[in-house]
Amino acid sequence: TQLMGLRAAWGAVDETQHEDAWAVVRAIGDDQDLTEEVGKVRDTAMAWTTRSRNAVPYYEGGNDEMVWQQLKIEAGEAIVDAALAIALGFRLDGATHDLLIGPWLAATER
């Protein structure tokens with residue numbers, strides 16, 4: 001449920017604002033010599049979205065693992081944004097931080 005909410009909340013973010021936030025992320029990477037670290041955070045977060053669980057439960061009418069995997073992949077960009085908001089923390093201005101982590105918070109705060 002949270003992955004579906006995360007995907008939906010991320011999809012509701014204005015594309016131009018999201019592009020602006022990523023411009024800030026790239027600028028911080030360049031200005032503070034963190035480009036490699038930003039890439040590592042992104043790669044690690046994306047790797048999680050494609051990793052399978054060890055135990056594969058099957059339910060009548062479908063494969064729960066396939067559904068879980070698809071949801072993780074679809075929420076991947078939002079997961080990357082949240083990971084970068086956390087990793088860059090105080091280096092981000094408040095608006096950029098809030099935009100990047102906002103979908104995560106919307107999906108998980110209940």
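Keep in mind that this is a model prediction, so the values were computed, not measured.
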Flag side-chain contact, heavy atom, 4.5 Å: Thr35 against Arg26: no

In Å, rounded to the nearest 0.5 Å, how long is the span from [atom1] of [X] to [atom2] of [Y]?
X: Trp48; Y: Ile73; atom1: CH2; atom2: CD1; value: 10.5 Å
X: Glu109; Y: Gln2; atom1: CD; atom2: CD; value: 10.5 Å
X: Ile28; Y: Asp93; atom1: CD1; atom2: CG; value: 7.5 Å
X: Leu100; Y: His18; atom1: CG; atom2: NE2; value: 6.0 Å
X: Arg91; Y: Asp31; atom1: CZ; atom2: CG; value: 12.0 Å

Shared hydrophobic cluster for [X] and [Y] (ILVMFWY, side-chain gaps under 4.5 Å):
X: Val25; Y: Met46; value: yes
X: Leu99; Y: Trp10; value: no
X: Leu84; Y: Leu105; value: no
X: Val80; Y: Val24; value: yes
X: Ile86; Y: Leu92; value: no

List the steps, then state whether side chain to side chain contact (heavy atoms under 4.5 Å, CB included) holds for Glu37 with Leu88. CA-CA 10 Å; Glu37 286 78 5; Leu88 293 175; over 6 Å; no

Within the supplied structure, the quantity of interest is the number of heavy atoms (other residues, nucleotides, ligands) at a distance under 6.0 Å from Asp33 CG; does it exceed 12? no

Heavy-atom closest contact ([X] atom, [Y] atom, distance):
X: Pro103; Y: Val13; result: CG-CG2, 3.9 Å
X: Val38; Y: Gly29; result: CG2-CA, 4.5 Å
X: Ile79; Y: Lys72; result: CD1-O, 4.2 Å

Test side-chain hydrogen bond (donor to acceptor under 3.5 Å, both in side chains) applied to Glu15 - qualifying residues, sequence neighbours left out: none

Report yes or no: do Trp104 and Asp81 form a side-chain donor-acceptor pair below 3.5 Å? no

Tell me whether Thr44 contacts the main-chain N or O of Val41 through its side chain, where contact means a donor paired with an acceptor under 3.5 Å. no

